[in-house]
*Asks:* 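One structure, pasted below without further comment.
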Amino acid sequence: YALGVPMAGEDKTADTSENRNQLRAEAVAAARSSDIALLFIGDSDKYERESADRASMDLPAGQDELVEAVLAANPKTVIVFNAGASIDLTRWSDRVPAIVDAWYGGEEGGHAIADVLFGDVNPSGKLPFTFLRKAQDSPASSSYPGVDLHTKYAEGIYVGYRYFDKHPRIAPLFPFGYGLSYTKFAYSGLHAPTQVSGNGDIDVQVTVKNTGKRAGAEVAQLYVGDPHASVDRPEKELKAFQRVDLAPGESRTIHFKLDRRALSFWSVGTHAWVAEPGRFDVLVGSSSRDIRLRGSFNLIQ
């Protein structure tokens with residue numbers, strides 16, 4: 001049973017409690033009489049647009065209460081939400097069996113969502129940014145939104161997953177690069193040269209295997225770390241990724257190509273990209289926080 005969600009108007013705090021209560025009661029009754037409830041929530045162009053920043057990460061008024069009421073009526077509730085940025089899902093995210101981030105799919109979005117929900121298509125998307133648990137976890141929270149259209153860029157190089165790597169005790173709700181599938185994938189056989197010199201490409205090999213019963217696609221992500229740099233650098237930086245489509249039980253060796261630029265940082269002193277000799281770490285995984293394989297190589301001049 002699919003349940004639609006009304007929007008509260010321009011103001012998320014607008015008082016439409018009587019209307020919301022009636023619609024919530026109808027949704028709860030439908031969920032209680034259904035085997036599975038599909039609940040569609042999220043933002044719209046009333047709340048999220050290119051010309052303005054959002055005031056908060058909250059869902060539109062009444063949606064959290066709707067989710068909790070439907071969940072209480074039917075624990076087998078699948079949440080499908082539309083949003084173009086991180087929103088606060090923490091009130092119920094650990095209690096729902098499935099969450100589908102549908103983004104803004106346009107006029108064919110409904111068909112695409114149906115294909116995923118009914119299993120005709122195996123989802124393989126990965127998050128292009130970190131989903132926060134709360135706005136205060138963002139490195140920009142202390143300076144956002146600024147005063148008189150001016151804000152201080154205080155986070156420096158530590159944006160996105162780089163900030164959470166630097167502060168591992170701040171756990172994101174969903175990390176950068178995260179995404180589930182109807183199958184599972186195993187990683188093995190990381191191979192990288194032990195020593196690198198010159199300006200040629202560096203070949204890093206990894207074998208990915210579909211260990212489940214469904215065909216699917218995995219997006220393997222390669223991160224590089226420079227633990228002995230003379231300047232402040234992130235713990236790791238995404239430098240390459242590859243999508244690999246695999247049948248059940250199939251495995252394939254994929255190759256990542258890294259050039260010298262992938263090892264470099266911008267030197268404010270020399271006004272040039274610099275790759276310092278020394279050890280570089282190679283990390284390959286399914287997300288920024290799901291690293292499956294680790295290796296290293298030495299760069300010499």
*Asks:* More than 12 non-hydrogen atoms from neighbouring residues, nucleotides or ligands closer than 6.0 Å to NZ on Lys213, yes or no?
*Replies:* no
*Asks:* According to a 4.5 Å side-chain heavy-atom criterion applied to Ile, Leu, Val, Met, Phe, Trp and Tyr, with indirect links allowed, do Tyr182 and Leu180 form part of one hydrophobic cluster?
*Replies:*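 No: no chain of side-chain contacts under 4.5 Å links Tyr182 to Leu180.
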*Asks:* Please name the pair of heavy atoms, one in Ser287 and one in Pro175, separated by the smallest distance, quoted to 0.1 Å.
*Replies:* OG-CG, 3.9 Å
*Asks:* Output, in order, the C-alpha distance, side-chain angles, deciding distance and verdict of salt bridge (Lys or Arg N to Asp or Glu O under 4.0 Å) for Arg162 and Asp165.
*Replies:* CA-CA 5 Å; Arg162 302 168 185 84; Asp165 285 346; over 6 Å; no
*Asks:* Do Pro145 and Thr151 have side chains that get closer than 4.5 Å, going by heavy atoms?
*Replies:* no
*Asks:* Using every non-hydrogen atom in the two residues, find where Gly216 and Thr183 come nearest and quote the distance to one decimal.
*Replies:*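 Nearest heavy atoms, Gly216 then Thr183: CA-CG2, 4.2 Å.
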*Asks:* Check the side chains of Ser286 and Glu218 for a donor-acceptor pair under 3.5 angstrom, ignoring hydrogens and angles.
*Replies:* yes
*Asks:* Do Leu222 and Leu246 share a hydrophobic cluster, counting only Ile, Leu, Val, Met, Phe, Trp and Tyr and linking them when any side-chain heavy atoms are less than 4.5 Å apart?
*Replies:*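 Yes.
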*Asks:* Could you state the interatomic distance from CD (Glu250) to CG (Asn210), rounded to the nearest 0.5 Å?
*Replies:*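 Glu250 atom CD to Asn210 atom CG measures 8.0 Å (nearest 0.5 Å).
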*Asks:* Quick one: sort the Phe297 and Phe280 rings into parallel, tilted or perpendicular, breaks at 30° and 60°.
*Replies:*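 The arrangement is parallel - the two ring planes meet at less than 30°.
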*Asks:* Go through the steps for Thr207 and Gln205 under the test side chain to side chain contact (heavy atoms under 4.5 Å, CB included), then give the verdict.
*Replies:* CA-CA 7 Å; Thr207 298; Gln205 302 177 27; over 6 Å; no
*Asks:* Without swapping roles, check the side chain of Ser34 against the backbone of Ala37 for a donor-acceptor pair under 3.5 Å.
*Replies:* no
*Asks:* Around Lys209, counting heavy atoms of other residues, nucleotides and ligands shown, do more than 12 lie under 6.0 Å from its NZ?
*Replies:* no
*Asks:* Among Tyr161, Phe164, Phe241, which residue satisfies the ring-ring contact (aromatic ring centres under 6.0 Å, His included) criterion with Phe176?
*Replies:* Tyr161
*Asks:* Taking it one step at a time, do Ile87 and Phe131 satisfy side chain to side chain contact (heavy atoms under 4.5 Å, CB included)?
*Replies:* CA-CA 7 Å; Ile87 58 176; Phe131 257 68; 4.2 Å; yes
*Asks:* Please examine the side chains of Tyr153 and Val159, heavy atoms only from C-beta on, and report whether any two atoms are closer than 4.5 Å.
*Replies:*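 Answer yes - side chains close enough.
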*Asks:* Within the supplied structure, the quantity of interest is the number of heavy atoms (other residues, nucleotides, ligands) at a distance under 6.0 Å from Arg294 CZ; does it exceed 12?
*Replies:* no
*Asks:* Look at the side chain of Glu276 and the backbone N and O of Ser230, then say whether any donor-acceptor pair between them is shorter than 3.5 Å.
*Replies:*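 Checking the backbone N and O of Ser230 against the side chain of Glu276, a donor-acceptor pair under 3.5 Å is found.
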*Asks:* For Ala27 versus Val70, what's the shortest heavy-atom pair and its separation?
*Replies:*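 Minimum heavy-atom contact is CB-CG2, 4.2 Å.
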*Asks:* Is there a donor-acceptor pair closer than 3.5 Å between any side-chain N or O of Arg54 and the backbone N or O of Ala85?
*Replies:* no
*Asks:* For the CG atom of Asp94 and the CG atom of Leu89, what is their distance to the nearest 0.5 Å?
*Replies:*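 If I round to the nearest 0.5 Å, the distance is 11.0 Å.
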*Asks:* Measuring from atom CD of Gln63 to atom CZ of Arg91, what distance do you get when rounded to the nearest 0.5 angstrom?
*Replies:*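 CZ of Arg91 is found 11.5 Å from CD of Gln63.
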*Asks:* How long is the straight-line distance from CD of Glu108 back to CG of Asp115, given to the nearest 0.5 Å?
*Replies:* 9.5 Å
*Asks:* Does Lys184 offer a backbone N or O that forms a donor-acceptor pair with the side chain of Arg214 under 3.5 Å?
*Replies:* no
*Asks:* Under 4.5 Å between side-chain heavy atoms, counting indirect links through other Ile/Leu/Val/Met/Phe/Trp/Tyr residues: same cluster for Leu238 and Leu263 or not?
*Replies:*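 No; tracing contacts between hydrophobic side chains, which count when under 4.5 Å, never links both residues.
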*Asks:* Which distance, rounded to the nearest 0.5 Å, do you find between the CG of Asp101 and the CD1 of Ile113?
*Replies:*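 CD1 of Ile113 is found 10.0 Å from CG of Asp101.
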*Asks:* Would you say Phe118 has more than 12 foreign heavy atoms packed within less than 6.0 Å of its CZ?
*Replies:* no
*Asks:* With a 3.5 Å distance limit and no angle check, can you tell me whether Thr130 reaches the backbone of Leu132 through a side-chain donor-acceptor pair?
*Replies:* no
*Asks:* Is it true that a side-chain atom of Arg133 and a backbone atom of Ala171 form a donor plus acceptor pair closer than 3.5 Å?
*Replies:* yes
*Asks:* Give a yes or no on whether Met57 and Tyr144 share a hydrophobic cluster (residues Ile, Leu, Val, Met, Phe, Trp, Tyr; joining criterion: side-chain heavy atoms under 4.5 Å apart).
*Replies:*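 No, because Met57 and Tyr144 fall into different hydrophobic clusters, even though each may have its own neighbours under 4.5 Å.
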*Asks:* Go through Trp266 and Ile157 one step at a time and tell me if the side chain to side chain contact (heavy atoms under 4.5 Å, CB included) criterion holds.
*Replies:* CA-CA 11 Å; Trp266 179 257; Ile157 61 174; over 6 Å; no
*Asks:* Would you call Asp245 and Arg243 a salt bridge, using N to O less than 4.0 angstrom?
*Replies:*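 So Asp245 pairs with Arg243 through a salt bridge.
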*Asks:* How close do Leu258 and Ala240 get, heavy atom to heavy atom, and via which atoms?
*Replies:*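 In terms of heavy atoms, the two residues are closest at CD2-CB, 4.4 Å.
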*Asks:* Closest approach of Ser124 and Val219, non-hydrogen atoms and distance?
*Replies:*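 Where Ser124 meets Val219 most closely, the heavy atoms are O-CG2, 3.9 Å.
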*Asks:* Is the side chain of Asp148 donor-acceptor paired with the backbone N or O of His150 at a distance under 3.5 Å, no angle test?
*Replies:*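 Absent.
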*Asks:* Quick check: does any side chain N or O of Lys236 sit under 3.5 Å from a backbone N or O of Ser288, one acting as donor and the other as acceptor?
*Replies:*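 Side chain of Lys236 to backbone of Ser288: a pair is present.
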*Asks:* Would you check if the side chain of Asn82 reaches a backbone N or O of Trp103 as a donor-acceptor pair within less than 3.5 Å?
*Replies:* yes
*Asks:* Over 60° means perpendicular and under 30° means parallel, so classify the ring planes of His167 and Tyr163, tilted if in between.
*Replies:* tilted
*Asks:* Looking only at heavy atoms, which two atoms of Pro227 and Asp281 are closest? And how far apart?
*Replies:*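 Between these two residues, the closest heavy atoms are CG-OD2, 3.6 Å.
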*Asks:* Can you tell me if Arg292 uses its side chain to pair, donor with acceptor, with the backbone of Phe185 under 3.5 Å?
*Replies:*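 Flag set: sc Arg292 to bb Phe185 pair under 3.5 Å.
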*Asks:* Quick one: do Trp92 and Asp64 satisfy side chain to side chain contact (heavy atoms under 4.5 Å, CB included)? Show the steps, please.
*Replies:* CA-CA 8 Å; Trp92 41 263; Asp64 281 318; 2.8 Å; yes
*Asks:* Quick one: pull up CG in Asp88 and CG in Asp58 and give me the separation to the nearest 0.5 Å.
*Replies:*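 These two atoms lie 6.0 Å from each other.
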*Asks:* Compare all side-chain heavy atoms of Leu39 with those of Val67 and state whether any distance is below 4.5 angstrom.
*Replies:*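 Heavy-atom side-chain distance check passes, below 4.5 Å.
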*Asks:* Answer whether the closest heavy-atom distance between the side chains of Pro139 and Lys166 falls below 4.5 Å.
*Replies:* no
*Asks:* Decide whether Val204 and Leu283 are clustered together by the hydrophobic rule: side chain heavy atoms of Ile, Leu, Val, Met, Phe, Trp, Tyr closer than 4.5 Å, transitively.
*Replies:*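 The answer is no; the residues belong to distinct hydrophobic clusters.
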